[in-house]
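The first residue in the sequence is number 1, and the count goes up from there. All values below come from the heavy atoms of this structure, side chains included, with hydrogens, waters and symmetry mates left out.
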Amino acid sequence: MKNLALLQFDIAFGNPEKNFSKVEELVSKAVSDKPDIIVLPELWSTGYDLSRLDEIGDTDAEKSIAFLSRLAKKNDVNIVGGSIAKHHNGEVTNTMLVFNRDGQLVHEYSKAHLFRLMNEEKFLVSGNEKSHFTLEELPCAGFICYDIRFPEWLRLHAVEGAQVLFVPAEWPKQRTDHWRALLISRAIENQCYVIACNRVGADPENAFGGHSLIIDPWGTIIAEAGEEEVILTGSIDEEEMSSIRSRIPIFEDRRPDIYK
């Protein structure tokens with residue numbers, strides 16, 4: 001059994017200093033419930049102030065890595081650090097950072113699918129690498145927001161062993177019904193836990209819907225937030241997933257020879 005805390009909050013547009021302070025405050029509150037894993041939303045340090053990422057982005061993610069590493073080690077907690085705008089070699093990626101209890105950076109993943117409706121492709125470079133990592137002996141994978149509209153990308157990771165799928169996001173409020181339906185579907189079809197942390201509030205162009213979710217491999221919602229700032233908590237049971245996969249053996253019944 002692993003305990004989770006999802007930090008659903010309103011991100012200050014283009015103000016990393018304020019957002020770093022907010023995350024430190026929320027982590028301090030979350031650890032009182034002794035979670036094993038804390039999850040942050042997408043682009044939590046800058047929001048979607050894309051046109052200013054050359055100014056406010058994080059060169060080689062150095063500041064974000066130092067900050068999240070310190071929080072993980074200080075609080076003896078794993079952190080799936082949502083994502084940040086990472087400067088590297090003259091390009092900017094939307095990059096997830098994952099830390100273990102010792103404060104070690106165990107994984108980086110850059111968003112593979114850029115969302116044209118919010119102009120990501122004009123300011124960001126897409127990632128091309130898979131997103132497998134392990135926390136607390138759990139085989140995990142991480143995705144970012146728009147990625148969940150590409151079921152083949154998530155299925156690839158499930159086929160290769162992922163059992164828990166983490167999804168930080170800044171998902172627009174007007175498509176909250178899609179957010180819920182897609183996440184529930186990804187859980188059912190992959191027989192995985194889905195841990196999805198969205199933001200709330202608004203920026204100059206968008207309003208965001210919250211509704212962070214913890215979903216079990218049956219597609220049952222374990223915990224769901226509303227549209228306000230909240231620390232959403234819940235637990236996942238590794239043994240439950242093994243039981244579900246043994247009862248409906250979809251991975252054994254796949255026909256990859258005809259999926260071409």
Side-chain angles (χ1 to χ4, degrees), residues 2 4 37 39-43 78 80-84 86 91 93-100 105-117 120-121 124-171 175 178-198 213-220 236 238 240-260:
K2 297 292 183 291
L4 307 165
I37 303 171
V39 188
L40 277 63
E42 179 184 16
L43 292 178
N78 301 282
V80 177
S83 72
I84 54 96
K86 177 184 176 180
E91 298 178 331
T93 53
N94 185 342
T95 299
M96 174 187 292
L97 305 169
V98 182
F99 299 82
N100 65 17
L105 176 64
V106 298
H107 181 63
E108 287 190 37
Y109 164 72
S110 293
K111 190 175 186 177
H113 303 91
L114 299 181
F115 190 46
R116 296 176 184 272
L117 270 68
E120 285 189 342
E121 83 287 356
L124 298 167
V125 174
S126 59
N128 299 304
E129 302 298 325
K130 293 178 186 176
S131 187
H132 291 287
F133 60 95
T134 301
L135 282 181
E136 304 280 295
E137 300 184 351
L138 287 173
C140 303
F143 309 95
I144 300 173
C145 203
Y146 189 45
D147 281 335
I148 66 171
R149 287 191 181 272
F150 300 86
E152 63 272 33
W153 185 229
L154 279 69
R155 169 52 63 90
L156 176 64
H157 290 75
V159 168
E160 293 181 350
Q163 298 180 5
V164 183
L165 311 180
F166 289 94
V167 185
E170 291 203 33
W171 195 276
R175 289 184 291 277
H178 288 193
W179 163 255
R180 298 180 79 258
L182 288 165
L183 290 168
I184 292 168
S185 297
R186 298 299 84 88
I188 295 169
E189 69 198 9
N190 293 303
Q191 294 181 325
C192 289
Y193 281 98
V194 170
I195 315 301
C197 184
N198 196 22
L213 288 157
I214 301 172
I215 306 168
D216 79 6
W218 278 125
T220 301
I236 61 175
E238 308 93 298
E240 174 69 8
M241 182 164 49
S242 297
S243 172
I244 289 170
R245 288 189 172 187
S246 67
R247 290 156 68 184
I248 305 181
I250 62 171
F251 292 100
E252 295 176 28
D253 294 336
R254 292 178 69 249
R255 292 283 311 280
D257 56 309
I258 64 171
Y259 303 158
K260 298 177 182 178

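Looking at every heavy atom in both residues, Met96 comes nearest to Ile144 through N-CD1, 4.0 Å. Taking each heavy atom of Tyr109 and Phe143 in turn, the nearest pair found is CE2-CA, 3.8 Å. Minimum heavy-atom separation, Pro139 to Gly161: CB-O, 3.3 Å. The two residues Ser131 and His157 come nearest to each other via the heavy atoms N-NE2, 2.9 Å. Scanning both residues, Ala162 and Leu165, for their nearest heavy atoms gives CB-CD2, 4.0 Å. When all heavy atoms are compared, the tightest approach of Val125 to Leu114 is C-CD1, 4.0 Å.
The CG atom of Leu182 sits 11.0 Å away from the OH atom of Tyr146 when rounded to the nearest 0.5 Å. Note: Trp218 CH2 to Arg247 CZ = 4.5 Å, rounded to the nearest 0.5 Å. The CG atom of Asn190 sits 12.0 Å away from the CD atom of Gln163 when rounded to the nearest 0.5 Å. Summarising the geometry, atom CD1 belonging to Ile248 is positioned 6.5 Å from atom CD belonging to Gln191; distances are rounded to the nearest 0.5 Å. Of the inter-residue distances, the one linking Ile250 atom CD1 with Arg245 atom CZ reads 7.5 Å to the nearest 0.5 angstrom. From Trp179, atom CH2 reaches atom CD1 of Ile184 across 11.5 Å, with rounding to the nearest 0.5 Å.
Under the 4.5 Å side-chain criterion, counting only non-hydrogen atoms from C-beta, Leu135 is not in contact with Val164. Two residues are said to be in side-chain contact when any heavy atoms from C-beta on lie closer than 4.5 Å; Arg149 and His113 fail this criterion. Taking 4.5 Å as the limit, every side-chain heavy atom of Glu108 sits out of range of all side-chain heavy atoms of Glu129. Using a 4.5 Å cut-off on side-chain heavy atoms (C-beta onward), Val106 and Thr134 make no contact. Side chains of Ser83 and Lys111 form no contact here, defined as non-hydrogen atoms less than 4.5 Å apart. Side-chain contact between Leu213 and Val194: absent, with no pair of heavy atoms (C-beta onward) separated by less than 4.5 Å. Proximity of Ile37 to Phe166: side-chain heavy atoms (C-beta onward) are separated by under 4.5 Å at one or more points.
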Intermediate values then yes/no, side-chain contact (heavy atoms from CB on, under 4.5 Å), Arg155 and Arg254: CA-CA 11 Å; Arg155 169 52 63 90; Arg254 292 178 69 249; 3.8 Å; yes

Stepwise side-chain contact (heavy atoms from CB on, under 4.5 Å) test for Ile214 and Ile236: CA-CA 8 Å; Ile214 301 172; Ile236 61 175; 4.2 Å; yes

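Environment of CD in Glu137: sparse, with no more than 12 heavy atoms of neighbouring residues, nucleotides or ligands closer than 6.0 Å.
Not one N or O on the side chain of Ser110 forms a donor-acceptor pair closer than 3.5 Å with the backbone of Ser126.
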